Q: 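Dropping the structure in here first, questions after.
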Amino acid sequence: MLSMPSLTQTTLVLPVLPKANPTTTTTLLTALSSSTTIAHLKQVHAQILRSKLDRSNSLLLKLVLASCVISPSLDYALSVFTHVSNPDALLSNKFLREFSTRAGASAEKTLLVYEKMRKDGVGVDRFSFPAILKAASKASALAEGMEIHGLALKLGFCTDPFVDTGLVRMYASCGGVMEARLVFDKMSRRDIVAWSIMIDGYCQSGLFDKVFVLYEEMKYSDIKPDRMILSTILSACGRAGNLTYGKAIHDFIIDNNIAVDSRLQSSLVAMYASCGSMDLAKKMFGMMSSKNLVVSTAMISGYSKLGQLQDARLTFDQMAEKDVVAWSAMISAYAESDWPQEALRLFNEMQQLGVSPDYVTMLSVISACAHLGALDKANWIHIYVNRNGFGGTLSVNNALIDMYAKCGSLGRAREVFEKMPRKNVISWTSMINACAMHGDAVNALSFFNKMKERNVQPNGVTFVGLLYACSHAGLVDEGKKLFASMIDEYNIAPKHEHYGCMVDLFGRANLLREALEVVETMPMAPNVVIWGSLMAACRNYGESQLGEFAAKRLLEMEPDHDGALVVLSNIYAKERRWDDVGKVRNLMENSGIFKERGFSRIELNDEVHEFFMADKRHKQTDEIYENLSRVVNELKLVGYAPNTCSVLVDLEEEEKKEVVLWHSEKLALSLGLLISKSKVSCIRIVKNLRICEDCHTFMKLSSKVYEREILVRDRTRFHHFKDGLCSCKDFW
DNA sequence: CTAGGGTTAG
């Protein structure tokens, strides 16, 4: 080890080497200690330049490599490298490799190194390509990747399996699995790594069928699967939810005595967890001697998918260390289970512990804000996104559109959309959906037209948004045309959700015969949603016979479907079939139909208030109820009469009236009117269930009497109440 | 002689 006086950043002297020579400098550069700093290297650099040793490129390159070793940021190394004329291949490749394998170094910088090598016209040989292609893959740089492909062809390296494998990987990562496959098929010799990368490419593109086909093909061509490729296949099984294939792989591992290391074990647990087979996952997880980050995170997301939040949280709390992925998984679990406040709380806790979020974390946090529906929080997270450099990320912007729409601000959603530097189908679909949610069918259709003009291909989800918009706006002909063009023009096979929209489209327009025809002619068996749509239409138009039929089909599939039970009991009551009413009531009591408790949230002065029905937990409870009865009396003057149709419990009429008056959205409105006095500000309420008819009327009248705009988000859509009218035109 | 592949969050 070179004895260097303890240099600090402030005493930049190099006393031992007044005159540098190649040998001593080399010694110096190869004898790095943990205390060597960039400052030391800068001195050596100066020595080299002063002693005119810089014509010896190898010395400078050694300096470059030395700085790679000691500094996580490769900026200094890069700056020295760019000043080396005609770097030689061996050291350049080492440098490239250093760059491409370094986690912190951005792939774009590796490509800069490559460009420099190209410009100097030397230094590129077949050993350079794997690293360069890896960088192009990481950066998803298709244009550069293709140029590199061209160069490899020109230099005659395209018979080198390492180069070919790199090309397969590059195309696969840039979204060109087809091109990857072309390169793969032309390879004369395919080893297990080549197969592995090709299979992983299909996995990344979500083409799981191809994954399994190719894997079988590989086994057929006498290549024995190893642990790594088995991991890849298991991951595909997990993501495709193919438990059968996953189990078969597990059996293969056992039958062939393949040693299961901790990584393969993690893959097995992750596969079972992703397939929702938590019992098997848990069993294997329990057997692991040391539970690493990855496998614990897989367990968290497995539990979360099944809605088992307590188990997810328990696993999370038991983790000795947590990285950003684990935090993100837990935050996402809360966000997706409609527990947004806990998701946001966890996000704060994570930051306090010094863990920086990445863009996936942001997606979950944005989704949490969307669930919460609080516009102030939404604005806050948007600022956070911009300040922390996520503003340019496509998926983040897509999530922001959805968030603003769900927080009631179509305008802000549109602003995000307009400002986006790049847009994809999801961006357009999110915007169409945003309009649909707000009952703005005209703009939904106009976004669709603009999307077509820009040659963006719509997908099945796009049409769900469009059909939803049409059905809620009563645009029957337009909806029919869109449905036809989806099939004929865009070759998209309609799924359940599309047929559901069509049933809704006709049902809402009182075209019940057509609605029934859709149900009868659709090529797959109708599901709960389809029968539910038909039933709702029948209820709205008093079509009891068909309504009863639909409700019964629904109950065959979901015996405790609360909506169906209510409709049936109302139909029977109307027809005075008291025996049947009694039967349904019994069913309702036994099935515990109130599985989801209704609640409403309102955000006032940056504080979120939450109410259940007849809730008395709020600190201003007395004022809220006092104000509510005042409001009720004032509304009665303009014709309000409590409507108890939606009350399911068996109560006396007078009691039912009280129950209706204490619905959570009315409590929220009462507080809103108490606290927010300014007539220009809109009162925003978020409800987890559908708004009932009585509350809907109540909101309409309040908007007129108090000259306030009221925005209520219910389970599926927005209601803008203004001047006594609602944007949903009383169809919901 | 210096080169390529695996598990987790959406």
Side-chain angles (χ1 to χ4, degrees), chain A residues 65 88-98 100-101 125-134 137 157 160-170 172 187 190-201 203-204 206 225-239 260-274 281 288 291-302 304-305 312 315-316 319 322-336 343 350 357-367 393-396 398-399 402 426:
Chain A
L65 291 176
D88 91 313
L90 193 89
L91 283 165
S92 301
N93 287 343
K94 274 193 170 165
F95 184 48
L96 271 177
R97 210 179 110 63
E98 203 59 58
S100 66
T101 53
D125 64 11
R126 64 199 173 94
F127 293 107
S128 321
F129 281 89
I132 301 166
L133 288 166
K134 189 178 187 175
S137 308
F157 296 151
D160 186 311
F162 285 88
V163 176
D164 284 341
T165 309
L167 286 169
V168 171
R169 180 174 138 122
M170 183 276 293
M187 288 175 72
R190 288 183 283 261
D191 64 4
I192 189 148
V193 180
W195 284 94
S196 177
I197 289 181
M198 190 63 239
I199 287 174
D200 192 47
C203 196
Q204 302 291 333
D226 64 1
R227 286 198 290 245
M228 286 201 196
I229 203 156
L230 288 166
S231 261
T232 305
I233 304 293
L234 285 169
S235 159
C237 294
R239 285 203 263 167
V260 179
D261 62 357
S262 76
R263 284 193 129 189
L264 192 51
Q265 210 168 15
S266 298
S267 302
L268 282 163
V269 174
M271 181 274 292
Y272 284 123
S274 294
M288 291 182 76
K291 296 165 175 61
N292 59 39
L293 266 171
V294 172
V295 75
S296 304
T297 307
M299 290 296 287
I300 291 171
S301 46
S304 146
K305 268 183 212 158
T315 312
F316 181 75
M319 290 173 75
K322 303 170 179 102
D323 66 352
V324 64
V325 184
W327 282 98
S328 301
M330 199 60 235
I331 291 171
S332 154
Y334 284 119
E336 297 314 308
M350 174 185 113
D358 67 2
Y359 85 98
V360 185
T361 322
M362 298 320 299
L363 293 178
S364 293
V365 176
I366 293 167
S367 153
T393 308
L394 182 63
S395 52
V396 170
N398 290 341
D402 181 65
I426 301 176

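Just so we're clear, the structure is a prediction, and the values are computed from it rather than from any experiment.
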Q: Would you mind classifying the nucleic acid contact of A:D358 as base, sugar-phosphate or nothing, using non-hydrogen atoms under 4.0 angstrom?
A: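 It contacts base atoms.
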Q: Nearest to the side chain of A:V325, which nucleotide is it out of B:dG4, B:dT8, B:dT2?
A: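 Within the option list, the nearest is B:dT8.
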Q: Where the side chain of A:R227 is defined as all heavy atoms beyond and including C-beta, which of B:dT8, B:dT2, B:dG6 is the nearest nucleotide?
A: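 Looking only at side-chain atoms, A:R227 lies closest to B:dG6.
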Q: If I compare all heavy atoms of A:F316 with all of A:A326, which pair ends up nearest, and what's the gap?
A: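 Nearest heavy atoms, A:F316 then A:A326: CE1-O, 3.8 Å.
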Q: Under the side chain to side chain contact (heavy atoms under 4.5 Å, CB included) rule, what do A:M288 and A:S266 come out as? Steps first, then yes or no, please.
A: CA-CA 9 Å; A:M288 291 182 76; A:S266 298; 3.9 Å; yes
Q: Could you tell me whether A:I192 contacts a base, only the sugar-phosphate backbone, or nothing, with contacts defined as non-hydrogen atoms closer than 4.0 Å?
A: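 Result for A:I192 = base.
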Q: Just the rounded figure in Å: distance from C1' of B:dT2 to CZ of A:F129.
A: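 Taking CZ of A:F129 and C1' of B:dT2, I get 15 Å after rounding.
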Q: At 4.0 Å (heavy atoms only), tell me whether A:L264 reaches a base, stays on the sugar-phosphate, or touches nothing.
A: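 Base, at least one base atom sits under 4.0 Å.
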Q: Between A:D164 and A:L167 (side chain of the first, backbone of the second, donor and acceptor by atom type, cut-off under 3.5 Å), is there such a pair?
A: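 Absent.
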Q: Nearest to the side chain of A:Y359, heavy atoms from C-beta on, is which of B:dT7, B:dA9, B:dG10?
A: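 Nucleotide nearest to A:Y359's side chain: B:dG10.
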Q: Send over the distance from A:D125 CG to B:dC1 P, rounded to a whole Å.
A: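 Taking CG of A:D125 and P of B:dC1, I get 15 Å after rounding.
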Q: Kindly give the heavy-atom pair with the smallest separation between A:L133 and A:V163, and that separation in Å.
A: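 So the two residues come closest at CD1-O, 3.6 Å.
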Q: Starting from P on B:dG4, measure out to CE on A:M170 and report it in whole angstrom.
A: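 Taking atom P of B:dG4 as the reference, CE of A:M170 is at 17 Å.
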Q: Nearest whole Å is fine: how far is B:dG10 C1' from A:D402 CG?
A: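 The answer, rounded to whole Å, is 13 Å.
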Q: Has the side chain of A:R263 got a donor or acceptor that lies under 3.5 Å from a partner of the other kind on the base of B:dG6?
A: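 Side chain to base: pair present.
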Q: Tell me: CD of A:Q204 to P of B:dG6, nearest whole Å?
A: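 About 9 Å, once rounded to whole Å.
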Q: A:L363 side chain: which of B:dG10, B:dG4, B:dT7 is closest?
A: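 Nearest to the side chain of A:L363 among the choices is B:dG10.
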Q: Reckon A:R169 has a side-chain N or O less than 4.0 Å from the OP1 or OP2 of B:dG5?
A: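 So the side chain of A:R169 is within the cut-off, an N or O lying under 4.0 Å from OP1 or OP2 of B:dG5.
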Q: Considering just the side-chain nitrogens and oxygens of A:S364, establish if one lies under 4.0 Å of OP1 or OP2 belonging to B:dG10.
A: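 So the side-chain polar atoms of A:S364 never come under 4.0 Å of the phosphate oxygens OP1 or OP2 of B:dG10.
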Q: Looking at every heavy atom in both A:D358 and A:S328, which two are closest together, and how far apart are they?
A: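 A:D358 and A:S328 have their closest heavy atoms at OD1-OG, 4.2 Å.
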Q: For A:R126 and B:dA3, what is the distance between atoms CZ and C1' respectively, to the nearest whole Å?
A: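 Roughly 9 Å, once rounded to whole Å.
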Q: Looking only at the side chain of A:V360 (C-beta and beyond, no hydrogens), which of the listed nucleotides B:dG5, B:dG10, B:dT7 gets closest?
A: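 Side chain of A:V360 sits closest to B:dG10.
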Q: When you get a sec, tell me which of B:dT7, B:dA9, B:dG6 is the closest nucleotide to the side chain of A:D261?
A: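 Selected nucleotide (nearest to the side chain): B:dG6.
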Q: Any idea which of B:dA9, B:dG6, B:dG5 is nearest the A:A329 side chain?
A: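 Nucleotide nearest to A:A329's side chain: B:dA9.
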Q: The side chain of A:S235 lies closest to which of these nucleotides: B:dG4, B:dG6, B:dT7?
A: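 Nearest listed nucleotide: B:dT7.
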Q: What is the nucleic acid contact for A:L234, judged by heavy atoms within less than 4.0 Å: base, sugar-phosphate only, or nothing?
A: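 Nothing, no nucleic acid heavy atom in range.
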Q: In this structure, how many angstroms lie between the P atom of B:dT7 and the CD atom of A:Q265, rounded?
A: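 After rounding, the reported distance stands at 16 Å.
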Q: Kindly point out which of B:dT2, B:dG4, B:dA3 is positioned nearest to the side chain of A:D191?
A: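 Comparing B:dT2, B:dG4, B:dA3 against the side chain of A:D191, the answer is B:dG4.
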Q: For the pair A:S367 and A:E336, evaluate side chain to side chain donor-acceptor pair (under 3.5 Å) and give the outcome as yes or no after the intermediate values.
A: CA-CA 8 Å; A:S367 153; A:E336 297 314 308; 3.2 Å; yes
Q: For A:T315, run the side chain to side chain contact (heavy atoms under 4.5 Å, CB included) check against A:T297, A:V295, A:I300 and tell me which one passes.
A: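 Result for side chain to side chain contact (heavy atoms under 4.5 Å, CB included) with A:T315: A:I300.
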Q: Side-chain N or O of A:S231 less than 4.0 angstrom from OP1 or OP2 on B:dG5?
A: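 It does not, given that no N or O in the side chain of A:S231 lies less than 4.0 Å from OP1 or OP2 of B:dG5.
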Q: Which is true for A:S266 with a 4.0 Å heavy-atom rule: it touches a base, it touches only sugar-phosphate, or it touches nothing?
A: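 Here A:S266 touches the bases of the nucleic acid.
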Q: When only distance counts, do a donor and an acceptor, one from the side chain of A:D226 and one from the base of B:dG5, lie under 3.5 Å apart?
A: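 Side chain to base: pair present.
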Q: Rounded to whole angstroms, how far apart are CG on A:L167 and C1' on B:dA3?
A: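 Taking atom C1' of B:dA3 as the reference, CG of A:L167 is at 13 Å.
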Q: Should A:F162 be counted as stacked on B:dA3, where stacking needs a ring-centre gap under 5.5 Å and an angle between planes under 30 degrees?
A: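 Here the ring of A:F162 and the base of B:dA3 are stacked, with centres under 5.5 Å and planes under 30°.
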Q: Look at the side chain of A:T165 and decide which nucleotide, out of B:dT7, B:dG10, B:dG4, has an atom nearest to it.
A: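 When the side chain of A:T165 is considered, B:dG4 is the closest of B:dT7, B:dG10, B:dG4.
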